[in-house]
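Reading through the structure tokens given below for one structure.
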Amino acid sequence: MPQSIAFHGAAQTVTGSKHLITANGKKILVDCGLFQGSRELRERNWQPFGFDPRLLDAVVLTHAHTDHIGLLPKLVKEGYRGPVYATKGTQGLCKVSLPDGGRLQEEEAGYHSRHHTSRHPHPLPLYTEADAYEALKLIQPVHFYDFHDLPGGATFRYIPAGHILGSAFVEVYFDNGERILMGGDLGRYDRPILRDPVPVEYAEHLVIESTYGDRLHERGDAKEKIAGILSRAYEDRSVVLVPSFAIGRTQEMLWYFNELDKEGRLPDMPVYVDSPMATATTLLYMEPGDDLDDELKVDLTEGSSPFRSDMVKFIRDRNMSKQLNNAPGPFVVISGSGMLTGGRITHHLQAHVSDPSTIVLFTGYQAEGTLGRSLLDGEPTVRLFGHEIEVRAQVERLDMLSAHADYQEMMRWLSNFKSAPRKTFIVHGEPPAQAALQARIKAELGWETEVPSQGQFFAL
Ligand SMILES: [Zn+2]
């Protein structure tokens, strides 16, 4: 059998994307993501991949979220030495996030401490910062839409997916002329910064995500909601804490601030971006690319940055970050991590969360068990740096800023197909979301679908 696919991650779960395509005996891995979430899921990162990294012939990345690239350094550590293809945007984001991930792994393992007798389940890191740098050396950038050869007589090209900077569908052609479209993650329609997901009309085989296969996002106007929160903050001289996801969400917030500034509606209060990673990522979003929307491209070619209104200040220095803890409002701090699981935002939170004028503004999903979730759930106290602290801050959320299509947007993108794929594989979702999307596709399109399980193999 000349062509096949096997699913080694994001199979009936959201994270750990790893899809192994075989073409005439050559092995092509699409994405190499980290499993995230529960302890059971995280433990999977320590298990063997389910294939031998030394026997892979190529790796193709769809986009730079950790659940799609986060195990690349482990792959290289275990002997992979072939090419890793990525869009330019994905390559740039990998350079920012993979070494950071390695450092985090080393810290978590207590790698540099002398206390190797600790009962930590994994006294060695999953991979090191040095492993991450080795992985970065293998990345070869490929332009959107350019056809590029793969082993086994296959070729592929990238098509913009509108999810985050550099995100793409991977369209793989086999030597028999048939193709498989690897959906990666599907973005949103009518959003600033990135262009809409590009319509695709034909694929014999299709792999799609299903993160929000059973949900609709709030359809409200993000700019108006932000305007309301900022003017209230200005009146009350509040500190606004925005736990940020460095890739995408931060740039979107800055874009909305800039729009309000242009309209003369941004109150006279500084906006601090207190995250080295968000700052580095914002610079990447300012490099012209085929996946940016036309409005942003025009701004960039005219030399104006939609992420840098006069109010915005990027903080690199840790001392300056600390000074903000005692500074009087009103001001806004955008800082990581996005779910308050660590990072500089936790120090800002410690300083301001007991003040009833403080506004904590969430811009994305807060997973179960995170500090962000506790605040959203209205817990009266939170535990920070060993202290139980009273929560008196106001909590706001911008649920409309998700980077993933909801089921309506997924169906809109699928409806572009001129003929049904022979088989559609539904990955990257929790079982209820997958079942709901499967039923909807059956009812509205009549397509044959499959929800593969971990390790499952299909001839194509
Ligand atoms: Zn993603």
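Please read all numbers here as calculations on a predicted model, not as lab measurements. We number each residue from 1, following the sequence as shown. Only heavy atoms go into these numbers, but all of them, side chains included; no hydrogens, no water, no symmetry mates. Atoms within each ligand, like the ligands themselves, are counted from 1 in listed order.
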Notebook entry, point to check: Below 6.0 angstrom between ring centroids: does that apply to F425 and H205?
Noted result: no
**Asked** Within H63, is some N, O or S atom less than 2.8 Å away from the Zn ion (ligand 1)?
**Response** yes
Could you confirm whether H404 has any N/O/S atom lying under 2.8 Å from the Zn ion (ligand 1)? no
With rounding to 10 degrees, D185 OD2, the Zn ion (ligand 1) and H65 ND1 define an angle of 160°
Measure the acute angle between the ring planes of F156 and Y85, then classify it against the limits of 30° and 60° as parallel, tilted or perpendicular.
tilted
* Asked: Do the ring centers of F417 and W447 come within less than 6.0 Å of each other?
  -> yes
Answer key: the N, O or S atom of H163 nearest to the Zn ion (ligand 1) is NE2
- Please say whether the positively charged group of R215, taken as NZ for Lys or CZ for Arg, lies over the ring of Y212, i.e. under 6.0 angstrom from the six-membered ring centre and within 45 degrees of the axis. no
